[in-house]
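Worksheet for the structure shown next.
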Amino acid sequence: MDIASDLPVPEELGAIGRPVGQPIPGSQQIHPRVAAVFHDLDGAGLPWLLLRGEDDLALPSGDVDILVDRQLLPSLDGLMADAGFCRVLAWGHGSHRFYFCYSVDEGAWIKLDVVSELAFGPYQQWRTSWAARCLRRRIRNSSYWLPDATDQAWLLLLHLFMDKGDVAQERQALARAAARVAADGGRIAESVRRRVGAGLATDMLNLVLAERFSDAPAIAARMRGSWSGGANARLIAAANRSLRRSGARLQGHTPLLGVMAPDGAGKTTLLNGLHADVPLPTKYVYMGLWGAGPWDKALNRIPGGRTAKKVYRLVRGGILARFYRRIGKVVLMDRVAYDALLGGPGDGVLARVSNALALAVIPAPDVLLVLDVPGAVMFARKGEHSPELLESWRNDYLKLAARLHGSRVVDAAQPAEAVQRLATGIIWDSFSPPASAGTGHRPPHPDSAVEPPSQGGTAAEAGAGEALSLHLWRLLDWRFLLPVLQPRTLGFAGQVSPEAESALRLLDPAAARLPEPGTGAGGTCDVVLLASPDGGQLESAGLALEPGGWICVEADRSLLRRSGPRTLRGWKRTLERRGYQDVALYWNAPNRERTARLVPMESGASIRDTLALRKDVRFGALKAAAVRMALALRVFDLLVPEGTVTGRRPERNEQP
């Protein structure tokens, strides 16, 4: 935060420019995306506050630091996705969670840094128990909450001295204002004095008030050395330092951006710019099949040498691209396998085989940019080939782009900054969670339709039919696997997204998340939905179900899961061991996010029919052959990635 002006601040307003301990009206402009976050956090019903950055909310240039109640963490990712932010996972940062959003209109990234505890130090090694008390003392400021004035002052000073180790020049005025408020004491002041000593805390305040900022690093070092809990803090710092080496990653499916164009169109410039400026975890992969190399002269004298080089490059690049996507990176691919469709020198049998191998090995891009630049401009940029040849290649790429589904032709003759901004927006659109700026809620898809309620439906179904789009109805497809189409009482647990939770409440307004085992009444639900649950949630479902009630588990295969079943067959056996009857297993094809069919796993004919509908997808024939083999070996339920398991709790007179 920075001082907005150099005007003197009246003493009765406090040194940081607002009444101490009193709510104040907000006058700052807030970016619609940030306002959506504040709106959704308020709607969650749990305390939160803005730690820093209240004067930089119109278009935040730095982090927007937010403190939330610990109980908000299970639903936090869903709330942020609803506001249009995606999470970047980064181990070794304590309770910090990082969320990003790209504002297309301003061409700027917005970053949220959300914490559930207050910890200090470059590796969050000095933990405190202040979060709950700061949340209890928070102050309302129009559309968001702030810490109490004295809390905010101490938190800022500790952030500068314990985290940064110095007071930067642009923060010195703000530090002086905070020191004047912190000098009055406060709850945090007492804790700081106990941890570092009263004398050292006073020295810090006097240093700031006297504007001896050149001595700040020395005081910061003394405070770090004196902070209590040194041995434990060193262990935490070492652990976090090691965890950070694993790097950041994205959750779920990460996009692969491919760029095609002749030499001189700006492919490498664009991708290097994206790699440097996009704050998401990215990896650059070069896939040039015919590029020059240091061994070209020797390879060209060997029969098939040039083809061997191409095979090596495409296999290496394909493996790297798939590996980077697997670990959660956005892959920026310079050239793609489709280059093989353009042909090249020496198109003999081996060349055609290697080109076919390229199309099979190199993953297809989610986003394909074809840079369009006139031949004369490309020649002026690099001076290679001739304008006429470059223009011919340009036309070849444009013709190829017209044949490739999902390709985007980009005018790359404009300045590099404009091309990069356009490409950044395309990347963000390819995987970002949709949100309605200013409200934080998802807008209806333009192709969505409202499914009319059936004539025999209940009033609750009719109300849901009027409110739910077709996309949200798909979140309730599991209902048609049960004989209870309209539950009387519905419970749910696990990784249920906010929009799925909204759909459940429209189905049953009294639908509620299941309590922990032993904390709620048993036998109250006739239907329970579990989404990727753990063992405790499965136990809660068993306690909540009334006799004769139905359980529905949306599960996925994960061989790395630490507890609970790792396959759909394992989930089925777990329900059977717990006494559930009529247990059935279904395949969500192609996956739970885009389910087109719920295929009964006991019906090989239904599975083969589903595969026949997807024969045109990439590697469709190979996948079909693998599935037929899995069916023959009776291991398909071990291999299917995502599915649904249903079961019925026996009536009391059916209990063994």
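These numbers come from a predicted model, not from an experiment.
The shortest side-chain heavy-atom distance between L270 and L332 does not fall under the 4.5 Å cut-off. Within the 4.5 Å cutoff, no side-chain heavy atoms of W145 are placed close to those of L135. Under the 4.5 Å side-chain criterion, counting only non-hydrogen atoms from C-beta, R513 is in contact with E501. Using a 4.5 Å heavy-atom cutoff, the side chains of V208 and F213 are in contact.
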Go through the steps for L243 and N240 under the test side-chain contact (heavy atoms from CB on, under 4.5 Å), then give the verdict. CA-CA 5 Å; L243 288 173; N240 285 344; 4.2 Å; yes

Given W154 and L205, is the side-chain contact (heavy atoms from CB on, under 4.5 Å) satisfied, shown in steps? CA-CA 10 Å; W154 276 102; L205 293 177; 4.0 Å; yes

Residues D277, Q420; criterion side-chain hydrogen bond (donor to acceptor under 3.5 Å, both in side chains); working and verdict: CA-CA 9 Å; D277 296 338; Q420 180 175 324; 2.7 Å; yes

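Within 6.0 Å of atom CZ in R505, more than 12 heavy atoms from other residues, nucleotides or ligands are found, so the atom counts as buried in its surroundings. Residue-environment remark: CD (Q71) stays at or below the threshold of 12 foreign heavy atoms within 6.0 Å.
Tested against P122, the residues R224, R241, K164 include a single side chain to side chain contact (heavy atoms under 4.5 Å, CB included) partner, R224. When each of L274, V88, T254 is paired with L280, the side chain to side chain contact (heavy atoms under 4.5 Å, CB included) condition holds for V88 and for no other.
Without hydrogens or angle criteria, D184 side chain to T150 main chain gives no donor-acceptor distance under 3.5 Å. Side chain of D372 to main chain of V410: no donor-acceptor pair is present (N/O by atom type, distance under 3.5 Å, no hydrogens or angles). Without hydrogens or angle criteria, S116 side chain to S95 main chain gives no donor-acceptor distance under 3.5 Å. Remark: side-chain polar atoms of D113 are not paired, donor with acceptor, to backbone N or O of D63 under 3.5 angstrom. Counting only distance, with no hydrogens or angles, the side chain of D166 and the backbone of A168 share no donor-acceptor pair below 3.5 Å. Put simply, the side chain of R244 gets close to the backbone of G92: a donor and an acceptor are under 3.5 Å apart.
Ring planes of W109 and W428: perpendicular class, angle over 60° (limits at 30 and 60°). Ring planes of F98 and H93: perpendicular class, angle over 60° (limits at 30 and 60°).
The heavy-atom pair separating V367 from S430 by the smallest distance is CG2-CB, 3.4 Å. Of all heavy-atom pairs spanning L371 and A265, the tightest one is CD1-O, 3.9 Å. Heavy atoms only, all atoms of each residue included: L49 and P147 are closest at CD1-CG, 3.7 Å.
The six-membered or imidazole ring of W48 lies away from that of Y144, with a centre-to-centre distance of 6.0 Å or more.
Ionic pairing of R421 and E417 is not present here: no N-O contact between side-chain nitrogen and carboxylate oxygen is shorter than 4.0 angstrom. With salt bridges taken as basic N to acidic carboxylate O contacts below 4.0 Å, none links R133 and D151. Classification of R140 and D42 as a salt-bridged pair holds, one side-chain N sitting under 4.0 Å from a carboxylate O. With respect to D429 and R408, no salt bridge is recorded, no charged nitrogen being found less than 4.0 Å from a carboxylate O.
Residue pairs meeting the side-chain hydrogen bond (donor to acceptor under 3.5 Å, both in side chains) criterion with at least one member in residues 265-275, sequence neighbours excluded, are T268-D334, H275-T282.
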